Structures are given as C-alpha cells and as structure tokens.
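Given the structure is predicted, the values throughout are model-derived calculations rather than measurements.
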Amino acid sequence: MQHLKHCQVLAQVFFIRSQSSRLSKSVIPSLSVWDGHLSCRWRSTGGHGRQKYFNDRLPKFRFALAGLLAGTGAVLAYKRHQDKVQWAATSAQLRVTQTSDLPVYTLEEVTKHCSLDSGVWVTYKGAVYDITEFVAIHPGGDKILLAAGGALEPYWALYAVHQQDHVLEILSEYKIGVLDTESYKKQESANPLDPYSAEPTRHPALQINSLKPFNAEPPASILSDNYITPSVIFFKRNHLPVPRVDPEAYRLEIEGLPGGVVSLSLSELKSRFPKHTITATLQCAGNRRSEMNKVKQVKGLNWGIAAISNATWSGARLRDVLLSYGFGAEVAAKAKHVQFEGLDKDVTGTAYGASIPLNNAVSEEGDVLLAYEMNGEDLPPDHGYPVRVVVPGVVGARNVKWLGKIVVSDEESKSHWQQNDYKGFSPGTDWDTVDFKSAPAIQELPIQSAITHPAEGTSVDCSDREVTVKGYAWSGGGREVVRVDVSVDGGKTWHVAKLRTSDQEQHPAPPPPPGRAWAWKLWEIDVPIPYRAQELEIVCKAVDSSYNMQPDTVAPIWNLRGVLSNAWHRVKVKVSEGFKDQK
C-alpha cells in the first residue's frame with residue numbers, strides 16, 4: 001500500500017437516487033485520500049439507515065482510492081510498474097476451483113441478477129459476487145452497473161485503476177459462490193482482449209503519469225532543448241485507449257451544413273484542400289497541477305511543468321472545408337459552435353468529444369486545422385492518426401484526436417469533457433458545492449512560463465559567479481509573449497531573459513502577425529549570484545502582448561480540478577561551497 005502515499009487526489013462521488021427499496025435514500029459521500037489515509041464525510045438528503053450502513057462499512061474500504069471515473073474517461077494514475085507482480089499473484093488467488101465449498105452457479109443464473117431490483121451479481125475469474133450493497137459506495141458511481149449480470153474483466157481492462165490489491169480485497173467480501181466449469185470456460189473464451197494491448201510504443205524518457213490510459217510528459221530538463229519538440233517526447237494526453245484506424249477505410253463525417261451529411265476520406269481531405277502549416281504549442285489544462293497539490297490536494301493527474309510542447313502541424317483549414325460544403329451566412333445565423341467527436345470510445349461506446357465557438361472555427365486568422373501531419377510526418381498514433389483537430393491558442397482538451405465527426409451546431413458539445421470537466425472555479429468551491437454548469441468551458445489559456453533548468457534541489461556550479469536559467473513561456477489566444485522576468489532572490493530583484501523563437505539563434509523566426517502567436521518562446525539568461533548566497537530561489541514570470549501577467553502565488557488560483565495553474569514558477573537550488581566566501 002506504499003504507493004497510496006504518493007497519490008495526490010481529492011475524489012468526490014455522487015450517488016443517484018436508487019429505485020430500489022434497499023437504496024431508497026439519496027446520500028452524497030465525500031471521500032478524500034491524504035497521504036494514504038482515507039477520510040469520509042456523509043451528507044444525506046433523507047433518512048439514516050443508509051448512512052449507518054456506510055459508516056459500518058467504512059473500515060472495510062478505508063484504503064479504497066476513489067478515482068475519477070465519471071465521464072468514462074478520466075482515470076487517475078497511481079499504479080506503479082512494480083505492482084504488476086503482486087497484482088498477478090493476488091488475482092490468481094481469486095481463481096477458484098470446483099473443490100470450493102461455496103455454491104455453484106451457471107451463467108444463466110448470474111445474468112438474471114442485473115439490476116438493483118433483482119440484485120447486482122458479477123463474476124471475476126470464475127467467482128460470483130453479489131455487489132448490490134456496494135453499488136451505492138462505488139467510487140465510480142453507477143457505472144459499475146454496466147457489468148451487472150456479467151463479467152468484470154472487460155471493464156477492469158479499460159479502467160485499469162482497479163488492478164490493485166486493495167480493490168480485490170474489497171471485492172472478496174462480496175463473494176457468494178463460483179461458476180460451474182462449463183460456464184467459466186465459456187466466459188473465458190468470450191472475454192475480449194485488453195483494450196490497451198495494442199497501444200503504440202513510447203519513448204523510455206517519458207515520465208508516466210498514467211499507464212491506462214497513457215499519459216506522460218518529457219523530463220523538464222530536456223523540454224526546452226528543442227524549439228520544435230520531437231514527436232516522440234511531445235507530451236501524451238489520452239483519455240481512452242488509442243484507437244486503431246485503417247487509413248484506407250477512414251471517413252470524416254461533417255454534419256450541420258445545407259447539403260446534408262458530408263463524408264470525406266483521408267485522400268480526399270488531402271487532395272481537395274490546400275495544405276496549410278502552422279507552428280503551435282499545445283498545453284494540457286492540468287499542466288503544473290502538482291504545484292496546486294502542494295497547496296491542497298486536487299483531483300486529476302499529477303502533471304509537472306512539461307504537459308506542454310511545441311510542433312509544426314499541417315493539414316486542411318477547417319474554414320476551407322466548411323466553406324466548400326455550404327457554410328455561409330445562413331448557417332452562421334443559426335449555429336454558434338463546432339463540435340468534434342473522436343474515434344476513441346469507452347465501454348459504453350461514448351466517444352471523446354469537445355467543441356469550440358463557431359467564430360473561432362471559421363475565422364481566417366484562427367488557423368484551425370484538420371491536421372494529418374506533425375513535424376513533417378504522418379501524425380503518430382498517440383497524437384491522433386490519421387486526422388486530428390489543432391485549435392491553436394486553445395486548451396489541449398479541445399484539440400480532439402482521431403477525429404471522426406464534425407458537427408456545426410447551435411449547442412456546445414454534450415460531452416462530459418466539455419460540460420463536466422476542464423472548467424475553473426473559485427478556491428472556495430469544493431466538491432459539495434461545485435456546479436459545473438455555472439462555469440464556462442476553458443478555451444483560451446492564460447499566460448504561462450516555467451523553469452526547465454536548473455532543477456529543484458540541485459546545486460549550481462558557481463565557478464563563473466553566474467547561474468544559467470532556462471525555460472519556456474507561452475500565452476493562449478494568439479497573444480505573443482513579449483517579456484520574461486527572472487529573479488534568483490525570490491522576487492526581490494529582476495532580470496529580463498533573452499527570448500528564442502527557433503532552434504537557430506542566428507536565424508530567429510519572423511514576428512507572428514498580431515493575434516496569431518501560436519508558438520511558445522524559449523528563454524535563457526545568465527544571472528549573477530548574490531554574494532555569500534547559500535541558496536537561490538529562482539523565479540520566472542512572463543508577460544504577453546496584452547500585458548497579462550502571471551499571479552505570484554498558487555493559493556489564490558487553486559481550484560478543485562487543478563487546472564489553469566500558472567503562478568510564478570519557483571525553483572530552489574543550493575550554491576556550491578566554492579563561491580560563497582569569494583569576494
């Protein structure tokens with residue numbers, strides 16, 4: 001259970017009002033994990049029987065980690081590689097034989113128990129479990145009912161958060177019997193493969209935040225080595241398994257235009273529309289979330305400073321495609337949004353989705369692409385092959401990968417990730433009071449900068465009496481970074497860093513047109529080390545063309561999802577002994 005101590009998550013589970021007389025009261029629990037210990041508060045909307053049941057059961061799942069499964073995609077990463085061996089050994093213990101003294105059931109008997117009214121039975125590795133009473137306290141809410149009357153394996157394969165010993169311990173408490181031999185063999189042969197079994201190969205340098213789905217960032221120390229981030233170390237943000245798409249069979253559907261549904265093949269997208277190339281930075285909404293966790297734990301992947309990368313993207317302009325198929329004043333008068341739907345889907349068949357305002361989608365200056373190339377090559381599988389949306393200046397969550405459908409609509413996407421995630425709230429809003437409908441979906445991101453060198457806790461070589469500081473800076477909405485200020489004394493004195501817009505300092509990129517600064521700027525500066533300094537607190541802050549600046553501390557911008565973390569970045573380093581006494 002040691003890995004629980006490294007998990008930084010505040011989880012909230014919302015319970016639906018049950019139609020069953022056994023679960024007749026509506027209860028909302030708030031579970032939180034702090035340094036490996038589970039605490040629980042109960043808020044009941046009526047009655048005391050269910051609350052007493054929960055309190056009685058609490059010791060049995062005090063080590064259960066409540067991950068965010070709502071929306072069928074956001075799985076928290078707290079499983080370590082070394083857990084696999086122990087997991088295999090423990091799961092093998094659940095594989096039962098016919099010598100068991102427990103009752104023996106057929107699959108037909110199990111399938112009859114598929115609702116709260118008839119009881120919720122599930123199977124796992126040949127054992128039968130009655131989890132009816134557990135449904136109400138399941139951290140993932142009522143999605144557990146997807147497996148009612150059948151096997152857990154297909155769902156646990158998708159939601160790999162379950163593959164931990166304490167989850168098996170909880171499950172074992174509900175065991176009521178075993179499957180007969182014929183049913184077990186039948187079920188084994190019918191179980192689908194792990195949906196993550198065909199995931200692409202990833203670069204070993206990536207620092208993994210979640211294996212299933214795969215989410216990783218490059219080491220901060222190499223992030224700013226290249227102005228154009230190599231595709232293999234470009235941060236990976238997946239919500240679901242990477243779909244395998246046959247480029248020959250691929251079709252992109254477009255709805256909401258006068259001519260009816262449009263269906264485009266990959267070759268048609270490439271041949272019918274001019275190829276347009278931009279350099280654009282993408283950033284996850286949760287970049288630097290780890291700093292918010294230090295103030296108070298939040299819900300989400302514990303990203304460091306490298307959930308941001310820069311690349312060249314090539315493809316057809318979304319504007320050109322929509323205009324070609326009848327978009328005009330008549331459509332614009334009714335529609336307000338353009339929705340995107342990916343080919344990555346969860347166990348219910350629900351695809352990842354998002355939307356952007358129509359004006360952004362069709363603007364001549366918006367440069368929204370239906371991209372099929374990244375850094376001069378076909379999109380890698382992790383980055384949306386064969387086609388993805390690139391919406392420069394906008395949060396990564398709207399840059400939908402493995403694009404399957406575009407809908408011009410008067411409504412925002414109904415997707416969970418548009419409606420109930422990726423929104424910012426007041427530091428005073430908690431999971432008992434949050435109302436996701438009260439906040440707009442994040443689109444353009446705020447000004448951002450971070451230090452990539454030196455690293456936190458290292459010692460600096462002071463032989464030349466200066467410290468070299470490097471990093472990146474970027475702002476959303478096409479606003480250009482115009483200055484980066486750096487301090488080595490915690491913000492008492494400041495120095496202006498040199499900005500870089502290409503990998504060749506002798507040949508900087510030309511200034512972008514106003515409002516179309518899509519790419520980050522790398523920066524570097526040599527700062528004199530204060531006399532007799534034993535430790536340096538290095539700080540950076542950026543300023544964009546609208547004179548937006550970063551807040552100085554994290555606490556005032558803290559929010560329960562840990563998004564939009566853009567306070568001054570701070571790094572503390574030691575000063576080597578050789579310089580402290582020199583004059």
V242 and its side-chain contact (heavy atoms from CB on, under 4.5 Å) partner, picked from V245, L240, N238 = N238

Spell out, as yes or no, whether a donor-acceptor pair under 3.5 Å connects the side chain of R288 to the backbone of V563.
-> no

Any donor-acceptor N/O pair, Q418 side chain to S415 backbone, under 3.5 Å | no

Among side-chain atoms of N293 and N302, is any donor-acceptor pair under 3.5 angstrom?
-> yes

Would you please say whether a donor-acceptor pair under 3.5 Å links the side chains of D117 and S115?
-> no

Pick from V400, V407, I406, I356: which one makes a side-chain contact (heavy atoms from CB on, under 4.5 Å) with Q339?
-> V407

Exam field: side chain Y174 to backbone E133, donor-acceptor pair closer than 3.5 Å = no

Short side-chain to backbone donor-acceptor contact, E217 and F235, under 3.5 Å | no

Ignoring hydrogens and geometry, is there a side-chain-to-backbone donor-acceptor pair from R237 to N215 under 3.5 Å?
-> no

Nearest atoms (heavy-atom pairs only) where L102 meets K175 | CD1-CE, 3.6 Å

Short side-chain to backbone donor-acceptor contact, S210 and P213, under 3.5 Å = yes

Pair F425 and F436, ring centroids less than 6.0 Å apart | yes

Any ion pair linking R561 and D421 (charged N to carboxylate O, less than 4.0 Å)?
-> yes

Would you mind checking if E291 and K294 are paired as a salt bridge, meaning a charged N to carboxylate O distance below 4.0 Å?
-> no

Please answer whether the main-chain N or O of T433 pairs with a side-chain N or O of D435 as donor and acceptor at a distance below 3.5 Å.
-> no

Shortest non-hydrogen contact between S309 and L223, atoms and distance | OG-CD1, 4.3 Å

Are the side chain of E153 and the backbone N or O of K125 linked by a donor-acceptor pair below 3.5 Å?
-> yes

Hey, do the aromatic rings of Y105 and W121 have their centres closer than 6.0 Å?
-> yes

Sub-3.5 Å donor-acceptor pair from the side chain of T132 to the main-chain atoms of V120, do we have one?
-> yes

Is the backbone of D410 close enough, under 3.5 Å, to the side chain of K336 for a donor and an acceptor to pair up by distance?
-> no

Assess the pair Y129 and Y124: is the distance between their ring centroids shorter than 6.0 Å?
-> no

